[in-house]
Amino acid sequence: MHRREAIKSLALASIAAMVMTRCDLGEEEVTDFLSKGKLNLDDKHKDYLAQISETFLPLQGKVDKITPPEDFIMTMVNDCSSEENIAKFARGFNDYKNLMNESKLEIETEKPEAVINVVQEVLDKQEPEESQEDLIYFINTVRGQSLRNLTTSAFYMQGYMDYELIPSEYIACYDISTIKA
């Protein structure tokens, strides 16, 4: 698969995120929040990150039972990524905001076909040599960490995986003569 086709596929996979979220964060770049190799977002950007996460993994009514996705994502990005990847995440977030700003006026309908056409037009207008690796990294990171936030929560482990937080009873003196070989 060609790189441009892969980029289009990823962009089309995040159509729901593009329809449901609007970027009204002013002129602040996400890279401005990089400090000492960490990304410290303000509340507006964290709320926007939560909206993006919610579009990838809708958890209406269950958000209070797990860690807020924006806090989990930022903790994982800051603590488990290299400075280079944190900067890549910030640049991808900027690219995502810019993509939203470019298509914001055109995406006014809830018809998926119209949204797909708008996104394809935006991607086709870009230069062929222009790399979208940062945007792809951002989308994959947000989607992956949103899933990880859910699947590692006590809510999910106890409710869906039948996981017990406390080990079951240990029987020290068990009669092994009852076991058949």
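Keep in mind it's a predicted model, so treat the numbers as computed, not measured.
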So which of Ile66, Asn149, Thr151 actually passes side chain to side chain contact (heavy atoms under 4.5 Å, CB included) with Tyr156?
-> Thr151
Thr152: what forms a side chain to side chain contact (heavy atoms under 4.5 Å, CB included) with it, not counting sequence neighbours?
-> Phe72, Arg148
Are Tyr137 and Ile52 connected in a single hydrophobic cluster, I mean Ile/Leu/Val/Met/Phe/Trp/Tyr linked by side-chain heavy atoms less than 4.5 Å apart?
-> yes
Are Ser53 and Ile73 close enough that some pair of their side-chain heavy atoms sits under 4.5 Å apart?
-> yes
Apply side chain to side chain donor-acceptor pair (under 3.5 Å) to Arg143 and list each qualifying residue two or more places apart in sequence or on a separate chain.
-> none
With sequence neighbours excluded, residues passing side chain to side chain contact (heavy atoms under 4.5 Å, CB included) with Asp42 = Glu28, Phe33, Lys44, His45
What pair of heavy atoms forms the shortest contact from Leu39 to Val30, and how long is it?
-> CD1-O, 3.6 Å
Could you give the distance from CD (Gln145) to OG1 (Thr75), rounded to the nearest 0.5 Å?
-> 10.0 Å
Who passes side chain to side chain contact (heavy atoms under 4.5 Å, CB included) against Ala50, sequence neighbours left out?
-> Glu70
Check ring-ring contact (aromatic ring centres under 6.0 Å, His included) between Phe138 and all other residues, then give those that pass, not counting sequence neighbours.
-> Phe89, Phe93, Tyr96
Can you tell me how far CD1 of Ile136 sits from OG1 of Thr141, rounded to the nearest 0.5 angstrom?
-> 11.5 Å
Residue pairs fulfilling side chain to side chain donor-acceptor pair (under 3.5 Å) with at least one residue in residues 80-91, sequence neighbours excluded | Arg91-Asp134
Is Ile86 linked to Leu41 within one hydrophobic cluster, defined over Ile, Leu, Val, Met, Phe, Trp and Tyr using a side-chain heavy-atom separation of less than 4.5 Å?
-> yes
Partners meeting side chain to side chain donor-acceptor pair (under 3.5 Å) with Asp175 (sequence neighbours left out) = Ser177
Heavy-atom nearest pair, Asn78 first then Asn40, reads ND2-OD1, 4.5 Å
Not counting sequence neighbours, which residues clear side chain to side chain donor-acceptor pair (under 3.5 Å) with Asp71? List them please.
-> none
Search all heavy atoms of Ala90 against all heavy atoms of Thr31 and return the closest pair with its distance.
-> CB-CG2, 3.9 Å
Do other residues, nucleotides or ligands put more than 12 heavy atoms under 6.0 Å from Asp79 CG?
-> yes
